[in-house]
2 protein chains.
Amino acid sequence: MGENDRMTQVEKAIIGLRGLVMSGEFDAGSRLPEVALAERLGVSRTPLRQAMDRLVSEGLLERIESGGCRVASFDLDDINDAIELRGVIEGTAARLAAERGVDAEVIADARGLLARIDEGISGPNSVDFDLYVRLNARFHDMLAQMAGSDLIRREVDRVCRHPLASPNAFLRGQEIIPDFLASLVRAQGQHHAIVDAIEAREGARAEALAREHARLARRNFRFLRDADPRLATRIPGLSLVTAQ
Amino acid sequence: MGENDRMTQVEKAIIGLRGLVMSGEFDAGSRLPEVALAERLGVSRTPLRQAMDRLVSEGLLERIESGGCRVASFDLDDINDAIELRGVIEGTAARLAAERGVDAEVIADARGLLARIDEGISGPNSVDFDLYVRLNARFHDMLAQMAGSDLIRREVDRVCRHPLASPNAFLRGQEIIPDFLASLVRAQGQHHAIVDAIEAREGARAEALAREHARLARRNFRFLRDADPRLATRIPGLSLVTAQ
DNA sequence: TGGTAGCCGAATGTATACACTGACGCGTAG
DNA sequence: CTACGCGTCAGTGTATACATTCGGCTACCA
């Protein structure tokens, strides 16, 4: 990986540790040993501890009073709250974008992006899943910026990074769900509606739509959870979910 | 300071650095020298850098691409956005509390707290300002917990810690405003209404009230800004505000 | 005289060494 | 046999030492 050279040790530790925790390498609630982890990630303890601070603020780890960190565990309520929060924050971004207005060019960009998603999911019968995931993430990024506020953009990014509430969380693996394509179509319909509302300066509608849009994540999660227990070890983050 | 013994070096650095920055010791946009700061705060560079990470995530500092941190600067839009965000988050806490319901005991506690505030501001003619500030903070803490979600509570705490959007930000110094007491009375009226709405399970109303309640901070800030430029050096955080 | 290249210094990012606290185990006494 | 106390040690929190990079200054050339 050539771009590893430009990656600082802290980023390396953040990405590596996040990947390890999400993959279920450590049981939920287990304490993370710093020295062993540092060696495993190929960094020293200093950047590793910075990475741990970061993951604590993301909610993926919890600090232990007596020292150190443990892997967080989530129940259904936690996930629903995180999804609710994302809906609220993205809803605010959409509302502010509508109220404050955005350049026609930005609207056009968003429409272009949505057109590409339309193509992707209305193909013959095989959906380019990775493409959808990538474009979906980009759409939510665009939404974050449309309010024209750095603070709002940062906050949207934050809640979208939440391991169990990101727009693409639990999207991989959905292939097994029968009407999974219908779910994508529905989500995409909401994307269009949100952009419409922003363009029409309908703040309340944009906010409500974005909130409801986040709710799809609940369905996705429940489907996946009920589908097959064996998936828990294959879907990133699913191993951190406790049985209510 | 007896409890300084139990305070970790990182907390010491966080509190000290936050105080230094808020006091206007450093100009907005100026780079923070680590070695000098560490010596001044009586800690080593390691906990100081952790504190800087924390203040970056709080928005008080900004990371510089080439390395190090600088003091953030805020214009009116930044402050309005931060206040808006707090209103949205606190509004969500209020709405969820109403929708999910809270124990009668908690409602009673909140009422008791509000009664103490009522006493404080309806006294003869002198208002116990520090008392109001403290009880106001406690009320917002209680609100954060009422949703019954750790995630929501943490997020409310986060946005309330934002230097320029906290419920008590720019409250000190308001004594000079003629109808400042009227402003407190109005805020207190909203406190009561929020609790009423939560008790009555009126989620939408609770949310709207909490949002509007945050808007009072805008007025407070504008009053203070227009009042007397000399105050800038005495009100914590005001020195970080640029002239639009 | 202005601009550029190269070097030097300072300050950050990282690694490592040290200190101290909390936990586990072993031994002894009741 | 159990319970309490002490000692050891693993592991975190903190300090310091090292390396690397960025910025600034000077000197030289056009």
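Every chain is numbered from 1, with letters handed out A, B, ... down the list of sequences.
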| field | Full working for salt bridge (charged side-chain N to carboxylate O under 4.0 Å, His left out) between B/Glu84 and A/Arg95 | value | CA-CA 11 Å; B/Glu84 183 78 22; A/Arg95 174 172 62 86; 2.7 Å; yes
| said: Among residues at least two apart in sequence or on other chains, which ones pass side-chain hydrogen bond (donor to acceptor under 3.5 Å, both in side chains) with A/Arg49? | reply: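 Residues passing side-chain hydrogen bond (donor to acceptor under 3.5 Å, both in side chains) with A/Arg49: A/Glu34.
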| query | If we ignore angles and hydrogens, is there a donor and acceptor under 3.5 Å between the side chains of A/Glu58 and A/His162? | reply |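 Checked: A/Glu58/A/His162 side chains show no N/O donor-acceptor pair below 3.5 Å.
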| note | A correct 5'-to-3' footprint of nucleotides 4-17 of chain C, with B, S and - meaning base, sugar-phosphate only and no protein heavy atom under 4.0 Å, is --------BBBBBB
| message | As a test of understanding, state which of A/Arg154, A/Arg161, A/Arg153 forms a side-chain hydrogen bond (donor to acceptor under 3.5 Å, both in side chains) with A/Asp157. | response |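 Result: among A/Arg154, A/Arg161, A/Arg153, A/Arg153 is the only option passing the side-chain hydrogen bond (donor to acceptor under 3.5 Å, both in side chains) with A/Asp157.
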| field | Salt bridge present between B/Glu39 and B/Arg45 (N-O < 4.0 angstrom) | value |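 B/Arg45 and B/Glu39: not salt-bridged.
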| query | Which whole-number value in Å describes the distance from A/Glu65 CD to D/dT12 P? | reply |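 Nearest whole value for this atom pair: 14 Å.
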| query | If you round to the nearest 0.5 Å, how far is CG of B/Leu61 from CG of B/Leu55? | reply |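 That separation rounds to 5.0 Å.
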| From B/Asp81 atom CG to A/Thr92 atom OG1, the distance as rounded to the nearest 0.5 Å |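 B/Asp81 CG to A/Thr92 OG1: 11.0 Å, rounded to 0.5 Å.
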| request: Note down the inter-axis angle between the two ends of the helix from C/dT1-D/dA30 to C/dG30-D/dC1, five pairs each, to the nearest 10°. | output: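 Between the first-five-pair axis and the last-five-pair axis there is 10°.
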| said: Please check this pair: side chain of B/Ser166 against backbone of B/Pro163, looking for a donor-acceptor N/O pair closer than 3.5 Å. | reply: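 No.
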